[in-house]
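One structure below.
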Amino acid sequence: MDATHRQNEIMALLSTQDRVEVEDLAGRFGVSLQTVRTDLRDLSARGQLSRVHGGAVRIASAANRGYNERRSLNADSKRAMAALAAEVIPENCSIALNIGTSTEQVARALSGHRGLTVLSNNINIINMMMEDDSKDLILAGGAIRKSDGAIVGDDAVRFFARYKVDFAIIGASAMDADGAILDHDAREVSVARAILENARNRILVCDGSKFDRAAPVRICDVAELDTIITDRPVPPEFSRAAEAAGTRLLWTRNSESDSHV
């Protein structure tokens, strides 16, 4: 079966199911894993599907995908990254977290930390921590985006500008190999930028599938971050940009993390 027929079959499968797996497709077509990955990359480049770790899903931009659906994507990786972030963040400090399913997992991983002051524009994070008397919680003011509980807009930007926290922890919708960190909603990006600009240490928590996705609005570049936590080795170009900037890279799926300091 040639590439055209394989790719047509992949799209036919995605018309009846939400996701396809690389290993399943390789067995189905009797080809190598790399051949299937090439097929998925070609289909993704044409905008016919969205690549995720281990396979692909029906086309749906992160901007349109439901928030609960995003919570389930790469959930194990997000928990592992969050656990690593919790090792980096000490007790008795101030932190700011933006909207996102990865930052929610970081908030969960910090449940054992005491003496934290937590600022967020993510209602879900504040609700999650409400029962913890050892943490001081401060919720940003502004317009609420009902689809995910994000507080966005100029009021939220001004809110974060009033503070200087020890750690900023943000997520993103996409990463480019050249070092760009990206998202879809300009209002959300403005808040993320304000969080980064008003923090002493800036951490991005973002799984490696985001290198396979595109988003139009730049949050920052790798040089504007102190630490990036992901779930796998990053593309060589991205690694070189991080090294040149002195940005530390940590990932969860190797026995040893690669650090650039």
Checklist line | Between NZ on residue Lys210 and CZ on residue Arg51, distance to nearest 0.5 Å | finding: 15.0 Å

Check: Would a hydrophobic clustering, with Ile, Leu, Val, Met, Phe, Trp and Tyr connected at side-chain separations under 4.5 Å, put Val31 with Leu25?
Finding: yes

Margin query: If you define the side chain from C-beta out and look only at heavy atoms, does anything of Arg248 sit under 4.5 Å from Val88?
Written below: yes

Checklist line | Leu97 side, atom CG; Leu110 side, atom CG - distance, nearest 0.5 Å | finding: 7.0 Å

Check: Does any N or O in the side chain of Glu224 come within less than 3.5 Å of the main-chain N or O of Asp221, such that one atom is a donor and the other an acceptor?
Finding: yes

Check: From Asp42 CG over to Leu49 CG, what is the distance, rounded to the nearest 0.5 angstrom?
Finding: 10.0 Å

Next item on the list: Taking salt bridge (charged side-chain N to carboxylate O under 4.0 Å, His left out) as the test, write out the residues that go with Asp183, two or more places apart.
Entry: none

Check: Looking at Ala172 and Cys206, what are the two nearest heavy atoms and their distance?
Finding: O-SG, 3.6 Å

Next item on the list: May I have all residue pairs that pass side-chain hydrogen bond (donor to acceptor under 3.5 Å, both in side chains) and include part of residues 195-204, sequence neighbours excluded?
Entry: Asp166-Arg200, Arg202-Asp226

Notebook entry, point to check: Quick one: which of Ile219, Asp176, Val217 gives a side-chain contact (heavy atoms from CB on, under 4.5 Å) with Leu182?
Noted result: Asp176

Note to self: Just checking Ile144: does its CD1 atom have more than 12 heavy atoms from other residues, nucleotides or ligands closer to it than 6.0 angstrom?
What the structure shows: no

Margin query: What verdict does the side chain to side chain contact (heavy atoms under 4.5 Å, CB included) test give for Val189 and Arg218, after you've listed the backbone C-alpha separation in whole Å, the side-chain angles of each residue and the deciding distance to 0.1 Å?
Written below: CA-CA 7 Å; Val189 166; Arg218 186 187 299 267; over 6 Å; no

Notebook entry, point to check: Is there a side-chain contact between Ile95 and Val165, using heavy atoms and a 4.5 Å cut-off?
Noted result: no

Note to self: Using every non-hydrogen atom in the two residues, find where Ser102 and Lys78 come nearest and quote the distance to one decimal.
What the structure shows: OG-CG, 3.7 Å

Next item on the list: Return the minimal non-hydrogen interatomic distance between Ile229 and Thr227, and the atom names on each side.
Entry: CG1-CG2, 4.0 Å

Checklist line | Pairing residues for Phe167 by the ring-ring contact (aromatic ring centres under 6.0 Å, His included) criterion, not counting sequence neighbours | finding: none

Next item on the list: Taking the side chain as every heavy atom from C-beta outward, state whether Phe211 and Met175 have any pair of such atoms under 4.5 Å apart.
Entry: yes

Item checked: Contact check, side chains of Val222 and Ile228, non-hydrogen atoms, under 4.5 Å -> yes

Next item on the list: Taking all heavy atoms of His113 and all of Ala86, pick out the closest pair and write down the distance.
Entry: NE2-O, 3.1 Å

Check: Counting N and O atoms only, with roles assigned by atom type, does the side chain of Thr230 sit under 3.5 Å from a partner on the main chain of Gly208, one being a donor and the other an acceptor?
Finding: yes

Notebook entry, point to check: Going through the distances and angles, do Asn98 and Val191 end up as a side chain to side chain contact (heavy atoms under 4.5 Å, CB included)?
Noted result: CA-CA 8 Å; Asn98 75 334; Val191 178; 5.5 Å; no

Check: Closest approach of Ser77 and Asp231, non-hydrogen atoms and distance?
Finding: OG-OD2, 3.0 Å

Checklist line | side-chain hydrogen bond (donor to acceptor under 3.5 Å, both in side chains) partners for Asp133, two or more places apart | finding: none

Item checked: ILVMFWY network linking Met128 to Leu119, side-chain heavy atoms under 4.5 angstrom -> no

Margin query: Measuring only between side-chain heavy atoms, which start at C-beta, is Met81 closer than 4.5 Å to Gln105?
Written below: no

Less than 3.5 Å apart, which donor and acceptor atoms pair up between the side chains of residues 151-162 and the rest of the protein, not counting sequence neighbours?
{"from": "Asp155", "atom 1": "OD1", "to": "Arg158", "atom 2": "NH2", "distance (Å)": "2.5"}

Margin query: If I compare all heavy atoms of Gly54 with all of Glu21, which pair ends up nearest, and what's the gap?
Written below: O-OE1, 3.0 Å

Notebook entry, point to check: Do Leu13 and Arg28 come close enough that some side-chain heavy atom pair is under 4.5 Å?
Noted result: yes

Margin query: Could you measure the distance from the OG atom of Ser120 to the CD1 atom of Ile195? Nearest 0.5 Å is fine.
Written below: 6.5 Å

Notebook entry, point to check: Any chain of hydrophobic side-chain contacts (each under 4.5 Å) joining Leu116 to Leu139?
Noted result: yes

Item checked: Check against side chain to side chain contact (heavy atoms under 4.5 Å, CB included), Leu14 and Val20 -> CA-CA 7 Å; Leu14 281 175; Val20 292; 3.9 Å; yes

Next item on the list: To the nearest 0.5 Å, tell me how far Ser173 OG sits from His184 NE2.
Entry: 4.0 Å

Next item on the list: Verify whether one side chain among Ser209 and Asp207 offers a donor that lies under 3.5 Å from an acceptor in the other.
Entry: yes

Check: Got a second to check how far Thr35's OG1 is from Met1's CE, nearest 0.5 Å?
Finding: 13.0 Å

Margin query: Applying the side-chain hydrogen bond (donor to acceptor under 3.5 Å, both in side chains) criterion to Gln7, which one of Thr38, Asp2, Asp39 satisfies it?
Written below: Asp39

Margin query: Looking at Arg114, is its backbone amide N or carbonyl O close enough to the side chain of Glu91 to form a donor-acceptor pair, meaning the two atoms are under 3.5 Å apart?
Written below: yes

Checklist line | Heavy-atom neighbours of Glu23 CD exceed 12 at 6.0 Å | finding: no

Checklist line | With Arg240 via side-chain hydrogen bond (donor to acceptor under 3.5 Å, both in side chains) - residues at least two apart | finding: none

Next item on the list: Report yes if some heavy atom in the side chain of Leu40 is under 4.5 Å from a heavy atom in the side chain of Ile10; otherwise report no.
Entry: yes

Check: Crowded around Gln34 CD? As in, over 12 foreign heavy atoms under 6.0 Å?
Finding: yes

Next item on the list: Kindly determine whether Leu225 and Leu196 satisfy side chain to side chain contact (heavy atoms under 4.5 Å, CB included), including the steps that lead there.
Entry: CA-CA 8 Å; Leu225 298 165; Leu196 293 174; 4.0 Å; yes

Note to self: Do Ile89 and Ile125 sit in one hydrophobic cluster, given that two such residues count as connected whenever their side-chain heavy atoms are within less than 4.5 Å of each other, even indirectly?
What the structure shows: yes

